[in-house]
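Dropping a structure here in structure tokens format, bear with me for questions.
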There are 2 protein chains.
Amino acid sequence: MSQQRHGSTPGSGSGNVPAFPDLPEATIARLPEYLRALHNLGEGGSDTISSEGLAAAAGVNSAKLRKDLSHLGSYGTRGVGYDVALLIEQIEYVLGLDQRRAVCLVGVGNLGHALAGYDGFASRGFKIVALLDADEAKVGEVIHGLAVRHIDELAQVAVEESIAIGVIATPAGAAQAVADELVAAGVTSILNFAPCVLSVPANVDVRKVDLAIELQILSFHEHRKATLTALPGGRSATGAGNQEAVGS
Amino acid sequence: MSQQRHGSTPGSGSGNVPAFPDLPEATIARLPEYLRALHNLGEGGSDTISSEGLAAAAGVNSAKLRKDLSHLGSYGTRGVGYDVALLIEQIEYVLGLDQRRAVCLVGVGNLGHALAGYDGFASRGFKIVALLDADEAKVGEVIHGLAVRHIDELAQVAVEESIAIGVIATPAGAAQAVADELVAAGVTSILNFAPCVLSVPANVDVRKVDLAIELQILSFHEHRKATLTALPGGRSATGAGNQEAVGS
DNA sequence: GTCTGTGAACTACTTCACAGCA
DNA sequence: TGCTGTGAAGTAGTTCACAGAC
């Protein structure tokens, strides 16, 4: 959150590895969107794309896009645009997508089941390599080609499969215990679908997705729109912000 | 961020409807968290809770919580804390949860199937009242007590069931067409799980959840942590932000 | 002329620190 | 005294507008 420094070398001019850019959180959250848009454009055969065009494809304004990309370094050409292939490569590098990251999923209930088979993970470089559950009745069940193992095997699985990211899809009551076990097993990134706050050490990153919260936020806006249009001085229904994207 | 006025009457002394508070987006996104924490506390039997206590339960700091709640009005007592029941009622009112909002889900594939059965919706006041899909093979299938109907019936369903929120869980290629149909049917809030940008009129609110993006953000942080600890001058793994919550 | 990269202005959000009420 | 509510200060993020490379 503090200073932002782009691609140039850091103080202690070290090797050939580009210094790791210190990107604003908001930028990081948008890079995956740009990447997806670029992949779509790449399939369309374009070699280069203007900030205006890419911004439109990603649903942001062009000034924001240019500033975001400028944090990665200069990969555009003035008067021309950005080289699609080069930019894809660069964003994938920064996001760490050039290395395959193994994911384990804990909790194979209703939601976990769907996540286990979600195409979007595999198609974007993430592979679920282990399914775990506390319920003995589920252990052994094969879901999308992977057998469910018992949660007690977590530590062993984490080592065997070099788990990078743990996904928690258990009920809220079990989530903290699972998080503790993930942390103990050396996992430092957690995606939490359980509706609860997790407490973890400072070096562990947690992201939370709560589907009901999203609906509640929409509900607020419905309520707001209804109230404003019903009010005497109410202006036309053309409200404030729409198209809020998720991401901290 | 203009005026904040609590439950009392608005300027143009109209009816008994309290003026609708103009809350910052960031605050809105946190209200559901506070609500969940309050419900947990309420079950524990507490009548009042301090900002410190509620903040801890919701995973934020207490100054932020107090400022957020102050936007709703004064529902705390200095020297004591907040009345749990009163605060729950107030937050539910603002979020529009006192009226039941009907949800329709379009796309009953892998993910849609899970969403149809997701407990978290029902338990927090949202009822999925219709399932729709373009695939004739799926039409008629009963999922969690609800029969799948054909997407062409959308307009009819929207009226019959007074749909307030549409959830899109189709593949990316179909999402824009579905969004257009939802808008045409008068739906003004959309939750989009498809990995694509939707374009909608200004009065329609869209929120997007992209599960792969969440993983990519975590991947970035994994990459960052790995790079920093590997660097000569690398500081200890105790990184910057963790526990990022989703929400714009 | 075109379109990127970026200082500067602006807006939104967070945190501090304390006045003031119970 | 204890704790809320809130101005003021600080920080992060966005948008503008234009210099400068192609």
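Sequence lines set the chain letters: A, B, ... in the order given, protein chains first and strands last, and positions in each chain run from 1. This is a predicted model, so every value here is computed, not measured.
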B/R66 has an atom CZ; how far is it from atom P of C/dC21, in whole Å?
17 Å
With nearest nucleotide decided by heavy atoms, which residue, A/G79 or A/R30, maps closer to the 5′ end of DNA chain D?
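Result: A/R30.
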Mind checking B/T27 for me? I need base, sugar-phosphate or nothing, with any heavy atom below 4.0 Å counting as a touch.
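Contact class for B/T27: none.
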Rounded distance (nearest 0.5 Å) linking atom OG of B/S189 with atom CG of B/L182:
10.5 Å
When the distance from CG of A/N61 to P of D/dG13 is rounded to whole Å, what number comes out?
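In whole Å, D/dG13 P and A/N61 CG are 16 Å from each other.
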Which nucleotide in the set D/dT6, D/dT14, C/dC13 lies at the smallest distance from any side-chain heavy atom of B/S70?
D/dT6
Is the phosphate of D/dC3, meaning OP1 or OP2, less than 4.0 Å from a side-chain N or O of B/Y75?
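Negative; the distance criterion is not met.
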Would you kindly say whether A/H221 and A/R224 are connected by a side-chain donor-acceptor distance under 3.5 Å?
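Their side chains do contain a donor-acceptor pair, which is all the 3.5 Å distance test asks for.
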Using a cut-off of strictly less than 4.0 Å, decide whether A/S50 has a side-chain nitrogen or oxygen near OP1 or OP2 of C/dC3.
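So the side chain of A/S50 is outside the cut-off, no N or O lying under 4.0 Å from OP1 or OP2 of C/dC3.
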So if I take every side-chain heavy atom of A/R78 and compare against C/dT6, D/dA19, C/dC13, which nucleotide ends up nearest?
D/dA19
Can you find a side chain N or O atom of B/T77 that sits less than 4.0 Å from OP1 or OP2 on C/dA22?
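No, outside the criterion.
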Using whole Å, what does the distance between atom C1' of nucleotide C/dT14 and atom NE2 of B/H71 come to?
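The distance from NE2 of B/H71 to C1' of C/dT14 comes to 11 Å, rounded to the nearest Å.
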Protein-nucleotide distance (B/I28, atom CD1; C/dA12, atom P), rounded to Å:
13 Å
Which of D/dG7, C/dG7, C/dT4 is nearest the side chain of A/K67? It is C/dG7
Phosphate OP1/OP2 of D/dT4 contacted by B/S51 side-chain N/O (<4.0 Å):
yes
From CD of A/E25 over to C1' of C/dC13, roughly how many Å is that when rounded to an integer?
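Rounding to the nearest Å, CD of A/E25 and C1' of C/dC13 are 15 Å apart.
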Do you know which of B/L95, B/I165, B/V103, B/T188 makes side-chain contact (heavy atoms from CB on, under 4.5 Å) with A/L218?
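With A/L218 as partner, B/L95, B/I165, B/V103, B/T188 yield a single side-chain contact (heavy atoms from CB on, under 4.5 Å), made by B/I165.
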Please report the distance, rounded to the nearest Å, between CG in A/L23 and P in D/dG13.
11 Å
Select one nucleotide: of D/dG5, D/dG13, C/dT15, the one nearest the side-chain heavy atoms of B/K64.
C/dT15
For the CG atom of B/L191 and the CD atom of A/E214, what is their distance to the nearest 0.5 Å?
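Spacing of CG (B/L191) from CD (A/E214) equals 6.0 Å.
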How many whole angstroms separate atom CD of A/E52 from atom P of C/dT4?
8 Å
Separation between NZ of A/K67 and OG1 of A/T27, rounded to the nearest 0.5 Å
9.5 Å
Taken to the nearest whole Å, CG/B/L87 to P/D/dG5 is 10 Å
